[in-house]
Chemist: 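After the structure tokens below, expect a handful of questions from me.
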Amino acid sequence: MKKELPKKYNHLDIEKKWTSFWKENKVYDWDSTRPREETFVVDTPPPTVSGSLHVGHVFSYTHTDLIVRYQRMKGKNIFYPMGWDDNGLPTERRVQNYYRIRCDPKVPYKSDWEPEHDPKDKKEIEHVSRQNFIEACNKLTHKDEEVFKELWSQLALSVDWSLEYATIDKHSRKISQASFLDLVKKGHAFSTESPTMWDIDFQSAIAQAELEDKELDGAYHDIQFKVADSEKTFEISTTRPELLAACIAVVAHPDDERYQPLFGKEAITPIFNMKVPILPADHAEPDKGTGILMVCTFGDIMDVEWWKQSTLPIRQIIGRNGRLLPVTFGEAPFDSLDNEKANKAYKEIEGLYPKQARKKMPEVLGASLIGEIRPTRHPVKFFEKGDRPLEFIPTRQWFVRVMNHKERLIELGKQVTWHPEHMYSRFENWVNGLNQEWCYSRQRFFGVPFPVWYPVKDDGETDYENPIFAKEEDLPVDPLAEAPDSYDESQRDIPGGFTGDPDVMDTWSTSSMTPQIVSHWGINTERHKQLFPMDLRPQGHDIIRTWAFTTIVKSMHHEDSIPWHNICLSGWILDPDRKKMSKSKGNTVTPGHLLEEYSSDGVRYWSARARLGTDTAFDDQVFKVGRKLVTKLFNASRFVLQQFERLEVDPNSYLKNSASEEIDKSFLEELEKVVTFAGKSYENFDYAAALQQTEDLFWDFCDHYLELVKVRAYEDEESPERESALSTLAISLNVFLRLLAPVLPYVTEEVWSCSFGTENNSIHKNNWPTSEEFSNQSKPLEEGLFEVAKKMMSDIRGAKTSAQKSLKWPVEKLEVKASESFINKAKMVESDILRAANCSSSIEPTSLKNSEAIEIVVTLAKENS
RNA sequence: GGGCGCUUAGCUCAGUUGGUAGAGCAUUAGCCUUACAAGCUAAGGGUCAGUGGUUCGAGCCCACUAGCGCCCACCA
């Protein structure tokens, strides 16, 4: 005999019990011996380990778990790993603040150094070696990961923890570096020195995918240029006058009649007196500003593009730290007609940041500034995590080719099924808008290094043309700590020796390989084949251009394949003001107290109500509804199981029975419909629709069906009527538990273990209900009997309520005025209705011809007998 | 400037292939009823953003308009 359910449902104790049960019994483990067709593979997003998780994480990770739990109950072998994204800038930033340290590659390594965190002590910032800094990163991320893992377990994410990885661990670094070497081998990666978008605070290159526009105040400065060997002048309207010294040309649209006579001539820049060519260029728009603009090295991406197809030299005046570089006019490429004057003017702005220099420019320009400065507001490109505008600075970087692969990327994007479908257009938009190759290198410390060294020529120059790549079997390598083959560590950074590539890879270089990291691409071919392409990539829609995009780029370059068959995009959590909840906005809610107050199942319910791609407002009310459903399910289960306990019979023995009473048959028919619908919905990743239908019928079950059959189930004598009720109760509870198991894993497991489950058999494996289970049930005489009974019950209750009587108050007379069809149906379920209504006389029908109207007249007894 | 989505009850949202507008919450009134007071029952509440079209019939299909949100864009 099973153990009885406790009187009250204490979610905290029960969650703890099942969390450890699932772990001990390896309920969620992947079986590597089962074939691909029986396996469902998830490319779990590795959460960024920087501080704490908020409800937004809980929300989207639950969505994946719902889908996974459905697939597992369908009998699928589940591959559901968890990774930690602990590589990259967010971690660096957090470590810098947490331990008050900075990485300085010039500082020597200290083996006995330990990072220390003291929230009160505002000690001076300590500069540590790269190795020490990486150790500090590892220490802090491990600490955070334990906290995350705890939360995921409590939330009942059914991941296989033996598949855990971190994007900075040895295995991930190896795969990242192998990916890079493969890209190089296939000609998809290359290094070059070229103007690159540069963040002056982080002092690193950044990629197009990391750009963000910010609206900034700016101002048009109208600057007068002279035409060489002529008295003519023209004006250029610019918001970046501080780049005047970097001007290499002025351009206007080829069709612009105002400037056509000047093409081919030279202009003379004011103040610095440099001769620059006047040329036609398609990107100049006649109706913007004065229609003629200066090309500076470099003000924006168009300057870069234009410069690339020109043969003009770069006049770089902004340095890596963002300040205006020292420049000497008179030395190429800064040729001036008046070096002395130019140098003097430049001294005024040298060493300043662009913003400061801009302020100073009116003074420097003097009479060359025409009219008033006109304020404007315009979008300026920023690194998404940066505080100051980007600059274009020529540096040596590694790039991955994407520009020549747009068509193929779009084809592959179309081969993936997007949920919801319309999110695909964001991917296509992004690919079509690509205007640069993927900048792959970063000038940072905590990341995956490039497995590359360069020879140092005898004159001390680095020979970038002949890179030395690591051997695949040696990966991962750190070129700053290890010497390449055929060299010795003593030859590092000396003429005739070698130097290590100092950069690390873009964080997406690793994240884009999550499928290959977990499939052990290149290491275990069998395993890779068994898992790739994967079934599902879940992620946020804000990182389609980064994570989804780069993952597709990699699988295209490596195997000309899609990485997964489906991609599911979760929406965002909005705060009550409808703003996206995010750490940077400081409006996050942490999930700990929610889980405690509303239970994990209650919080999961809240997540499950939101369809994919739909943003959801954070709303306490929905958590309450979730908790209420959990309590209801528990209590209804207790009631149903009590019927079997009372008779000392096993509810399992009723599951194969056929119901004989019409109301029972009708309810089972409704239940079968929901089973079919829910299965279809889950197949299409629409867990929310499945939940809604299930929940609706479950409340009908509690509010109406249970009330209708209660008395019949209570009967002391065995009878076909009682057997039919008991069978329907057993079947319904059994099916409801399984339908709700993905959303409410704890309470369903608890009830299951006390009812239908056998020893160590979790509800979460191999138990999804099917319509075949209903094949031995006979159809009710009419469809919709349950609906008719509901309508009758509702009206009877209404009559009692408006008479301010209790619901068990006896009914003397029950008249039904309705169509013949309605009356017929009511008659078919009459006995249950009369019992539930506490009515001793039979229904008095009045048949209305040609009328849809239904009137139920309830005459209550005078006395409560 | 290009693209996508949303607009249904006070709030949060459903609304399957077109067929009499739904749920929960909130509000109000009532009820200790042999599972449940962390409960139960019922009531009130809507020009489905607007305009036009297709149709016997439109919340749903089509066109246009407005507001909100998001994604993208070469931003002088």
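Letters A, B, ... are given to chains in the order of the sequence lines, protein chains preceding strands, and every chain is numbered from 1. All figures in this text were calculated on a predicted structure; none of them were measured in a lab.
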Chemist: A:Ile301 side chain: which of B:C72, B:C74, B:U12 is closest?
Modeler: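 Side chain of A:Ile301 sits closest to B:C74.
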Chemist: Do the side chain of A:Asn838 and the main chain of A:Lys808 share a donor and acceptor less than 3.5 angstrom apart?
Modeler: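 Yes, A:Asn838 side chain to A:Lys808 backbone: donor-acceptor pair under 3.5 Å.
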Chemist: For the rings on A:His541 and A:Trp572, is their centre-to-centre separation under 6.0 Å?
Modeler: yes
Chemist: Can you find a heavy atom in the side chain of A:Tyr9 that is under 4.5 Å from one in the side chain of A:Val630?
Modeler: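 In contact.
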Chemist: For A:Lys800, is there an ion pair with A:Asp795 - N to carboxylate O distance below 4.0 angstrom?
Modeler: no
Chemist: Given atom NZ of A:Lys791 and atom P of B:G22, what is their separation to the nearest angstrom?
Modeler: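 Rounding to the nearest Å, NZ of A:Lys791 and P of B:G22 are 12 Å apart.
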Chemist: Which dot-bracket string fits RNA chain B when only Watson-Crick or G-U wobble pairs with both atom distances under 3.5 Å count, crossing pairs get [ ], and | stands for a partner on a different strand?
Modeler: (((((((..((((.....[..)))).(((((.......))))).....(((((..]....))))))))))))....
Chemist: Please give the distance between the P atoms of B:C32 and B:U47 as a whole number of Å.
Modeler: 37 Å
Chemist: How does each nucleotide of nucleotides 29-39 of chain B score, in 5' to 3' order, for protein heavy atoms under 4.0 Å: base (B), sugar-phosphate only (S), or none (-)?
Modeler: -SS-B-BB-SS
Chemist: Provide the distance between the two C1' atoms, one in B:C31 and one in B:U20, to the nearest whole Å.
Modeler: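 After rounding to an integer number of Å, I get 32 Å for this pair.
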Chemist: Are A:Phe59 and A:Trp606, when compared by the centres of their aromatic rings, separated by less than 6.0 Å?
Modeler: yes
Chemist: Return the value, rounded to whole Å, for the distance between atom CD of A:Gln692 and atom C1' of B:U12.
Modeler: 12 Å
Chemist: Choosing from B:A42, B:C71, B:C74, which nucleotide comes nearest the side chain of A:Trp572?
Modeler: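 For A:Trp572, the side-chain atoms sit closest to B:C71.
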Chemist: Compare all side-chain heavy atoms of A:His704 with those of A:Phe786 and state whether any distance is below 4.5 angstrom.
Modeler: yes
Chemist: A side-chain contact here means heavy atoms from C-beta on lying under 4.5 Å apart; do A:Ile248 and A:Trp307 qualify?
Modeler: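 Touching, per the 4.5 Å side-chain cut-off.
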Chemist: Looking only at atom P, what distance separates B:C25 and B:C62, rounded to whole Å?
Modeler: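 That atom pair is separated by 35 Å.
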Chemist: Base contacts versus sugar-phosphate-only contacts with protein, heavy atoms under 4.0 Å: please encode nucleotides 4-11 of chain B as B, S and - from 5' to 3'.
Modeler: SS------
Chemist: Strictly below 4.0 Å, N to O, side chains only: are A:Glu242 and A:Arg240 in salt-bridge contact?
Modeler: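 Yes, this pair counts.
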Chemist: Determine the Euclidean distance between corresponding P atoms of B:G10 and B:G1; express it in Å to zero decimal places.
Modeler: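 Taking atom P in both B:G1 and B:G10, they lie 35 Å apart.
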Chemist: So, is A:Arg545 near the phosphate of B:C72, with a side-chain N or O under 4.0 Å from OP1 or OP2?
Modeler: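 Looking at the OP1 and OP2 atoms of B:C72, one of them is under 4.0 Å from a side-chain N or O of A:Arg545.
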